[in-house]
Amino acid sequence: MSSIDTARAELALLVLYLNKAEARDKICRAIQYGSKFLSNGEPGTAQNVDKSTSLARKVFRLFKFVNDLHALISPSQKATPLPLVLLGKSKNALLSTFLALDQIVWAGRTGIYKNKEHTELISRISLFCWLGSSVCTTLIELSEIGRLTLSIKKLEKELKQATSGNKLQSSAFDYGNLNEQYLSKLKQSNDRLLNLIKSSMDIVVAVGLLQLAPKKVNPRITGAFGFITSLISCYQLLPAPSKAKVQ
């Protein structure tokens, strides 16, 4: 492949990535929390960037609450335990409420809605909803990682039995199928672990934004954690190279 073909392929990936509204939102989120980290709550250019980017991001999220509302009323997978179903539905309800209320906050901060006191109250309620959804996500990821760990251990045992000694207990096809399942479960576990790290750090970000522990979670810590979770989200939204080639 020539250098021009390589550049074309890389640009195709970038175009595919930036065409996602979610990706642009997370890039803006990284700028927002990076600015919060730099400003440390002090007036100046960094704080202005933080506030303006925060307001701009609300436009990206217009009507986004519909996604979680749809997930809330959609049936869950049959194999999912009831506690996880309830946690998942709670997460969807809280996140949908957060995004819906965030639209009112945007209207208040742009001057469409004139009541500033109500705007600030709604902002705090919406952030508590986000905090709750992050807690639910953390519990879900912990439970799913536990379930995946059991499945991985079971598959490891079966793979060892299939390759132990001279007594081959499965065909080459069965072994390949087991190995494929094992790698798939391992990837799912790694993805879940990354989601767990992100949701756990988002809890700290929400606590910082709500100023529930101002001495321990100051604007700099809030900004640092928010910046890291934004980078994780940006990474998770990266398109697969194969998909870009198809495009």
Side-chain angles (χ1 to χ4, degrees), residues 16 20-23 25-26 61-103 126 128-164 169-203 205-206 229 232-243 246-247:
L16 187 64
K20 298 178 182 179
E22 187 74 13
D25 175 44
K26 298 309 178 186
R61 299 199 297 262
L62 283 172
F63 304 110
K64 191 179 174 183
F65 68 91
V66 175
N67 295 350
D68 282 280
L69 187 60
H70 178 262
L72 177 63
I73 62 176
S74 298
S76 303
Q77 293 182 357
K78 292 182 179 179
T80 308
L82 182 59
L84 283 181
V85 171
L86 294 176
L87 275 173
K89 296 302 180 184
S90 299
K91 168 198 164 185
N92 294 140
L94 287 165
L95 197 54
S96 181
T97 304
F98 158 67
L99 292 167
L101 292 177
D102 204 43
Q103 311 299 284
S126 70
F128 271 112
C129 289
W130 182 49
L131 173 61
S133 72
S134 297
V135 171
C136 288
T137 303
T138 300
L139 294 174
I140 290 169
E141 297 304 333
L142 279 170
S143 300
E144 291 291 357
I145 287 171
R147 293 174 69 199
L148 283 167
T149 301
L150 292 175
S151 297
I152 289 169
K153 287 181 178 179
K154 183 180 178 182
L155 286 168
E156 283 177 345
K157 185 178 179 181
E158 290 177 1
L159 283 168
K160 285 179 181 178
Q161 289 176 348
T163 56
S164 61
Q169 298 181 17
S170 76
S171 65
F173 174 79
D174 290 335
Y175 175 78
N177 188 38
L178 282 171
N179 192 54
E180 188 177 335
Q181 288 181 47
Y182 174 76
L183 293 175
S184 175
K185 294 287 185 183
L186 202 59
K187 183 181 182 304
Q188 288 177 44
S189 181
N190 291 335
D191 291 341
R192 292 281 185 183
L193 181 59
L194 194 59
N195 283 332
L196 175 62
I197 292 169
K198 185 174 72 171
S199 61
S200 300
M201 294 183 78
D202 274 339
I203 291 174
V205 175
T229 57
I232 292 173
S233 296
C234 288
Y235 167 75
Q236 290 176 321
L237 290 167
L238 284 173
S242 57
K243 291 181 181 179
V246 172
Q247 297 290 332

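None of the values given here were measured: they were computed from a predicted structure.
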In Å, rounded to the nearest 0.5 Å, how long is the span from CG of Asn195 to OG of Ser233?
8.5 Å
Contacts of Glu141 that satisfy salt bridge (charged side-chain N to carboxylate O under 4.0 Å, His left out) - sequence neighbours left out
Arg192
Identify, with sequence neighbours excluded, every residue that meets side chain to side chain contact (heavy atoms under 4.5 Å, CB included) alongside Ala23.
Tyr17, Lys20, Leu237
When rounded to the nearest 0.5 angstrom, what is the spacing between CG in Leu82 and CG in Leu87?
10.0 Å
Which pairs pass side-chain hydrogen bond (donor to acceptor under 3.5 Å, both in side chains) with one or both residues in residues 146-155, sequence neighbours excluded?
Glu144-Arg147
List in chain and number order the residues that pass side-chain hydrogen bond (donor to acceptor under 3.5 Å, both in side chains) with Ser134, two or more places apart in sequence or in another chain; answer none if no residue qualifies.
none
Not counting sequence neighbours, which residues clear salt bridge (charged side-chain N to carboxylate O under 4.0 Å, His left out) with Lys198? List them please.
none
Thr137: side-chain hydrogen bond (donor to acceptor under 3.5 Å, both in side chains) partners, not counting sequence neighbours
none
I'd like to know whether Asp102 forms a side chain to side chain contact (heavy atoms under 4.5 Å, CB included) with Phe65, so could you lay out the CA-CA distance, the side-chain angles of the two residues, the decisive distance to 0.1 Å, and finally the verdict.
CA-CA 9 Å; Asp102 204 43; Phe65 68 91; over 6 Å; no
Enter the distance from Ile145:CD1 to Leu150:CG here, rounded to the nearest 0.5 Å.
12.5 Å
Any salt bridge (charged side-chain N to carboxylate O under 4.0 Å, His left out) pairs touching residues 182-191, not counting sequence neighbours?
Lys187-Asp191
Could you give the distance from OG (Ser184) to CG (Leu155), rounded to the nearest 0.5 Å?
9.5 Å
Is there any side-chain hydrogen bond (donor to acceptor under 3.5 Å, both in side chains) pair reaching into residues 77-97, and which pairs are they, with sequence neighbours excluded?
Asp68-Asn92
Closest non-hydrogen contact found for Leu94 with Ser133 is CD1-N, 3.6 Å
Can you measure from CG (Leu186) to CD1 (Ile152) and round to the nearest 0.5 angstrom?
5.0 Å
Taking only residues two or more places apart in sequence, or in another chain, which ones meet Asp25 in a side-chain hydrogen bond (donor to acceptor under 3.5 Å, both in side chains)?
Arg57
For Lys26, what residues pass the side-chain hydrogen bond (donor to acceptor under 3.5 Å, both in side chains) criterion, not counting sequence neighbours?
none
Would Thr229 and Asp202 count as a side-chain hydrogen bond (donor to acceptor under 3.5 Å, both in side chains) here? Give the steps.
CA-CA 7 Å; Thr229 57; Asp202 274 339; 3.2 Å; yes
Nearest heavy-atom contact between Ser126 and Phe98 is O-CD1, 3.1 Å
To the nearest 0.5 Å, what is the distance between SG on Cys136 and CG on Leu131?
9.5 Å
Please give me the minimum heavy-atom distance between Glu156 and Tyr182, naming the atom from each residue.
OE2-OH, 3.1 Å
